[in-house]
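Here is the structure we will look at, set down as structure tokens.
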Amino acid sequence: MRTKAASGSNAMEDKQFELRKSKLKELRAMGIDPYANDFTPEHTTRELVSLHASKSPEELEEMEGLFSLAGRVVSKRDFGKSAFFHLSDRTGRIQAFIQKNSIDEETFTLFRKLLDVGDFAGVRGELFKTRTGELTVRVRELFFLTKALRPLPEKWHGLQDVETRYRQRYLDLVANQRTREIFKIRSKVINLIRRFLDERDFLEVETPVLHPIAGGATAKPFVTHHNALDMDLYLRIAPELYLKRLVVGGLERVYELGRTFRNEGVSTKHNPEFTMIEFYQAYATYEDLMDLIEELVCYVVENTVGDTLVEYEDKKIDFKGPWKRINIYETLREKFGSKITEEEFLFAKADSMGINHNGIKGKALTEIFEALFEATLLNPTFVYGFPLDVSPLARKNDDDPEVVDRFELYICGREIANAFSELNDPIDQKKRFTDQVEMKKKGEDEYHEMDNDYVSALEYGMPPTAGAGIGIDRLVMLLTNSSSIREVIFFPHLRP
RNA sequence: GAGCCGUUAGCUCAGCUGGUAGAGCAACUGCCUUUUAAGCAGUGGGUCACAGGUUCGAAUCCUGUACGGCUCACCA
């Protein structure tokens with residue numbers, strides 16, 4: 001279903017729309033600008049409520065001066081010679097009371113006849129309490145600020161239609177408190193992450209979104225074209241390689257928080273553009289980053305949910321540390337015995353599970369692990385011991401050259417973060433790229449391309465460094481009990 | 001990409017095995033000076049997503065298309 005407002009012919013026939021347009025004309029005919037921009041509210045609804053709601057009626061009566069505020073009219077109850085309405089602003093809502101006796105008659109009539117639910121209005125008046133004790137503004141002056149030509153969704157059930165909620169998110173935000181809460185939390189999460197890293201002397205940076213080579217992850221990129229240079233460019237699938245160039249340049253602690261693009265399936269856990277943070281810290285190891293990420297995520301959880309126990313769907317996730325750390329190889333050996341690392345047994349096992357490994361040992365190992373254990377990792381768990389051949393940018397483990405110093409963080413069966421000690425040996429890096437190119441030829445088309453420019457950066461020397469990427473959308477899903485990634489992205493990808 | 005489900009008034013939803021469209025809210029007209037899902041009386045509002053088909057007759061059955069949801073696949 002497309003939006004009704006978008007189809008012009010229906011709109012012309014819509015009676016409520018036509019009626020509101022005629023009210024608009026009427027306001028103009030009376031010399032009132034229905035889109036006035038000369039009213040400055042001096043208060044917010046939250047201010048008024050938090051400062052004065054606890055006062056007695058007598059105390060309120062003794063207060064001098066008028067309060068002014070502006071917002072959307074979200075309800076209206078008309079009694080003939082008086083009326084109540086609620087104004088909603090960014091901080092909340094407050095009730096207003098307009099009375100024939102306490103305002104000029106023309107304004108009172110205008111209110112009754114021409115102000116609709118959905119319009120924006122400004123009011124000036126004093127505070128009082130109704131019989132039921134609700135703090136209310138007695139309107140002395142009323143200002144028309146914006147006429148809404150279309151009616152808002154229903155006041156009680158709000159807006160339920162999922163498609164309309166996503167396509168016309170503004171209506172969802174007006175109608176549904178929960179939606180507003182989700183996006184406030186999202187904003188707060190991002191803010192907390194910045195604060196956390198800033199406090200630890202990380203520098204926030206911006207690197208290109210348009211890449212000549214799509215690197216830093218294994219994913220299919222979006223392709224675009226630069227006309228003047230007549231060349232294809234890719235939307236970044238990760239900022240990793242540019243951030244590490246900055247570390248080469250001496251920016252020892254950097255992070256970038258921003259949009260990343262992957263040209264793959266859309267699902268409740270995947271949106272083609274999503275937000276992630278990557279950060280790099282020189283002289284740190286992947287184990288240091290386990291500690292740091294645990295601290296960071298707990299900091300975010302504490303300051304949003306306010307509890308280490310987080311309810312998600314029908315589960316309870318316990319964020320209280322220290323988090324479990326499990327090794328892929330050890331876990332698989334416990335299950336299958338040591339023969340699991342022998343190619344013949346491994347590939348047979350993978351084949352029996354329907355896993356497409358393409359003769360790549362590391363791929364078979366990680367996919368078997370994911371298929372069997374991913375879903376069981378409810379509480380935050382660091383999974384480490386990744387095979388070399390699926391980790392072309394990670395540093396080799398000092399004890400086991402088949403393994404890299406890398407981990408992924410799983411929470412509630414989902415990958416939330418990926419991190420490793422960075423490979424800073426340019427000769428090894430070049431070989432890894434070469435191996436990737438070989439595998440790409442075998443049909444692994446999302447594998448890494450050769451990136452000589454990045455290799456030369458390493459040739460100038462990158463200090464020992466560890467870096468991590470965290471999927472912000474998935475983290476926000478967990479913290480807001482959202483079962484779909486679309487619930488935490490304002491405008492999720494939909495067919496036009 | 002596959003399977004299942006959905007699309008009815010501005011919004012939320014009914015509408016059974018086919019008989020020609022309903023409610024609540026919103027809107028409109030009245031009445032009502034402390035309501036808060038205000039109330040009371042009355043009124044208007046629909047190409048039942050779209051296109052075909054079956055039928056005397058289709059919101060309802062069938063086919064296709066569009067859009068969406070969920071699951072799976074691909075993957076991150």
Side-chain angles (χ1 to χ4, degrees), chain A residues 1-5 7 9-11 13-20 22-23 57 74-86 93-103 108 112-113 116-118 128-134 136 138 148-168 171-172 174-176 216-220 237-238 260-272 274 276 354-356 363 366-367 370 374 390 408 414-418 444-446 469-471 473-474 483-487 492-496:
Chain A
M1 188 189 72
R2 308 309 177 84
T3 68
K4 306 224 159 138
S7 54
S9 58
N10 281 357
E13 290 155 17
D14 187 312
K15 286 232 169 109
Q16 289 196 47
F17 182 72
E18 289 304 319
L19 186 79
R20 283 174 174 228
S22 69
K23 288 181 178 181
V74 290
S75 69
K76 209 180 162 189
R77 294 176 294 282
D78 188 342
F79 288 85
K81 294 191 177 63
S82 72
F84 289 93
F85 59 104
H86 271 91
R93 58 177 60 188
I94 197 166
Q95 181 168 258
F97 183 57
I98 188 164
Q99 216 174 1
K100 201 172 178 178
N101 288 354
S102 49
I103 198 163
F108 187 72
R112 289 194 68 206
K113 294 200 160 174
D116 291 309
V117 170
F128 75 105
K129 277 200 177 162
T130 61
R131 271 183 207 158
T132 53
E134 181 168 350
T136 302
R138 188 185 309 277
L149 296 181
R150 295 190 187 279
L152 257 27
E154 200 234 3
K155 62 182 174 189
W156 187 241
H157 299 92
L159 181 65
Q160 300 295 325
D161 184 86
V162 179
E163 189 171 355
T164 311
R165 287 184 48 232
Y166 296 159
R167 288 194 194 276
Q168 295 176 274
L171 292 180
D172 188 27
V174 170
N176 297 322
T218 51
K220 293 188 194 85
I237 55 174
T260 300
F261 307 84
R262 296 187 185 176
N263 201 345
E264 282 160 5
V266 177
S267 79
T268 49
K269 295 178 194 67
H270 303 85
N271 198 64
F274 60 100
M276 69 172 192
I355 286 165
N356 172 28
K363 194 171 174 179
T366 49
E367 299 218 358
E370 280 174 21
E374 197 177 78
V390 293
E408 287 184 349
R414 292 143 196 222
E415 184 197 332
I416 299 295
N418 179 22
E444 296 291 324
D445 58 358
E446 73 277 11
I470 303 176
D473 312 271
R474 290 179 179 182
S483 54
S484 168
I485 199 168
R486 294 174 202 117
E487 293 294 331
H493 178 78
L494 298 175
R495 281 175 219 270

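Order of the sequence lines sets the chain letters (A, B, ...), proteins ahead of strands, with each chain counted from 1. Every value quoted in this text rests on a predicted model; they were computed, and no experiment measured them.
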Heavy atoms under 4.0 Å, any strand shown: does [X] hit a base, just sugar-phosphate, or nothing?
X        : result
A:Gly471 : nothing
A:Lys76  : nothing
A:Phe128 : base
A:Leu171 : nothing
A:Asn101 : base
A:Leu494 : sugar-phosphate

Pairing nucleotide - [N], Watson-Crick or G-U, each distance under 3.5 Å:
N     : result
B:G19 : B:C56
B:A14 : none
B:A51 : B:U63
B:G1  : B:C72
B:G30 : B:C40

Would the distance check show the side chain of [X] and the main-chain N or O of [Y] forming a donor-acceptor pair, the cut-off being under 3.5 Å?
X        : Y        : value
A:Glu367 : A:Asn356 : no
A:Gln99  : A:Ser102 : no
A:Arg112 : A:Gly80  : yes

Do nucleotides 41-46 of chain B as a string where each nucleotide becomes B, S or -: B if the base has a protein heavy atom under 4.0 Å, S if just the sugar-phosphate does, - if no protein is that close.
---S--

Assign a letter to each nucleotide of nucleotides 70-76 of chain B from its 5' end: B, base within under 4.0 Å of a protein heavy atom; S, sugar-phosphate only; -, no contact.
SS---BB

Counting side-chain heavy atoms from CB outward, which of [options] is closest to [X]?
X        : options             : value
A:Glu163 : B:U35, B:U34, B:G68 : B:G68
A:Leu159 : B:U12, B:G68, B:C32 : B:U12
A:Gln160 : B:C13, B:U33, B:U35 : B:C13
A:Arg138 : B:C67, B:U34, B:G24 : B:U34

Between A:Phe79 and B:U33, do the rings stack, that is, sit under 5.5 Å apart with planes less than 30° off each other?
no

Do the side-chain N or O atoms of A:Lys113 get closer than 4.0 angstrom to the phosphate oxygens (OP1, OP2) of B:U29?
no

Under 4.0 Å between a side-chain N/O of A:Arg77 and OP1 or OP2 of B:G39, yes or no?
no

Spell out yes or no: do the side chain of A:Ser82 and the base of B:U34 have one donor N/O and one acceptor N/O closer than 3.5 Å?
no

By salt bridge (Lys or Arg N to Asp or Glu O under 4.0 Å) - contacts of A:Arg486 (at least two apart):
none

Sorted by position of nearest nucleotide on RNA chain B, 5' first, the leading residue of A:Phe84 and A:Pro151 is A:Pro151

When you check the gap from the basic side-chain N to the acidic O, do A:Glu415 and A:Arg474 get nearer than 4.0 Å?
no

